Amino acid sequence: MKKILFTDKAPAPIGPYNQAVLSGNTLYTSGQIAIDPATGDLVLDSIEIETKQVMENMKAVLESAGMTFENVVKSTIFISNMNDFASINSVYGSYFIEKTAPARETVQVACLPKNVNVEISMIAVAN
């Protein structure tokens with residue numbers, strides 16, 4: 001059984017998908033990009049600010065399921081330029097406790113939706 005989750009504290013989907021799906025105690029999130037949910041505008045001032053917006057959007061999605069970043073067991077980070085890895089990693093890492101950080105992969109891709117620089121998706125499990 002799956003439950004579709006939605007919060008207005010994260011950007012509305014821009015295609016035929018949902019922000020997240022809860023199946024049992026496992027949450028599968030769609031990728032988040034740096035859209036300000038209040039305005040619908042992209043936040044691209046710097047790679048750090050962009051990544052922070054992505055993580056704040058993801059935080060809102062997790063909270064809609066009653067979860068936090070501590071529940072995340074797997075992350076996938078898509079970036080358009082591997083030269084931004086250190087900056088993205090620094091912001092991303094600030095949302096986790098290093099000892100309990102999730103498994104993760106980071107891949108460079110040719111292009112992301114709306115030509116953003118970073119997109120992150122996660123899988124989280126309720127305790």
Side-chain angles (χ1 to χ4, degrees):
M1 180 110 167
K2 69 180 182 179
K3 178 180 178 184
I4 304 302
L5 298 179
F6 176 82
T7 177
D8 61 4
K9 294 178 178 155
I14 56 176
Y17 62 90
N18 290 289
Q19 291 170 332
V21 175
L22 184 65
S23 180
N25 67 341
T26 304
L27 181 71
Y28 301 90
T29 73
S30 292
Q32 288 294 314
I33 60 174
I35 295 176
D36 180 334
T39 65
D41 295 334
L42 286 171
V43 180
L44 304 174
D45 301 330
S46 71
I47 193 63
E48 293 85 2
I49 292 170
E50 182 177 355
T51 304
K52 182 175 177 14
Q53 183 66 57
V54 171
M55 293 300 287
E56 288 298 312
N57 292 345
M58 188 58 69
K59 179 180 178 182
V61 172
L62 290 166
E63 287 175 348
S64 76
M67 297 188 196
T68 70
F69 287 107
E70 277 301 296
N71 295 99
V72 177
V73 296
K74 181 73 164 53
S75 295
T76 302
I77 303 176
F78 302 98
I79 61 179
S80 61
N81 185 343
M82 197 56 78
N83 291 328
D84 291 332
F85 176 82
S87 297
I88 292 166
N89 196 52
S90 177
V91 174
Y92 169 92
S94 71
Y95 285 83
F96 293 97
I97 298 168
E98 192 168 336
K99 283 185 167 184
T100 59
R104 181 186 88 186
E105 66 267 328
T106 303
V107 294
Q108 180 174 317
V109 296
C111 188
L112 289 164
K114 296 190 173 272
N115 294 311
V116 298
N117 301 297
V118 59
E119 179 176 1
I120 300 174
S121 65
M122 296 181 178
I123 299 171
V125 178
N127 296 331

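For the single chain, residues carry numbers from 1 onward in sequence order. From a predicted model like this one, the values you see are computed outputs, not experimental measurements.
Ion pairing between Lys52 and Glu48 fails under the 4.0 Å rule for side-chain N and carboxylate O.
Distance CD/Gln32 to CD/Glu56: 11.5 Å, rounded to 0.5 Å. In this structure, the separation between CD1 on Ile33 and CD1 on Ile120 is 12.0 Å, given to the nearest 0.5 Å.
Using a 4.5 Å heavy-atom threshold, the side chains of Gln19 and Leu5 count as separate. Residues Val72 and Ile123 have side chains not in contact (no heavy-atom distance under 4.5 Å, counting atoms from C-beta outward). Put simply, the side chain of Lys2 does not reach to within 4.5 Å of the side chain of Tyr28, judged on heavy atoms. Val109 is not listed as a side-chain neighbour of Glu119, based on a closest heavy-atom distance of 4.5 Å or more. Here the side chains of Met58 and Met122 are in contact, with some heavy-atom distance below 4.5 Å. The shortest distance between side-chain heavy atoms of Asn71 and Asn127 falls below 4.5 Å.
The number of heavy-atom neighbours closer than 6.0 Å to NZ of Lys74, taken from other residues, nucleotides and ligands shown, is above 12.
Residue Val118 forms a side chain to side chain contact (heavy atoms under 4.5 Å, CB included) with just one option from Asp84, Thr106, Thr51, and that option is Thr51.
Judged by distance alone, with hydrogens and angles left aside, the side-chain atoms of Asn57 form a donor-acceptor pair with the main-chain N or O of Ile35 at under 3.5 Å.
A cation-pi arrangement is present between Arg104 and Tyr92 under the rule of less than 6.0 angstrom and at most 45 degrees off the ring axis.
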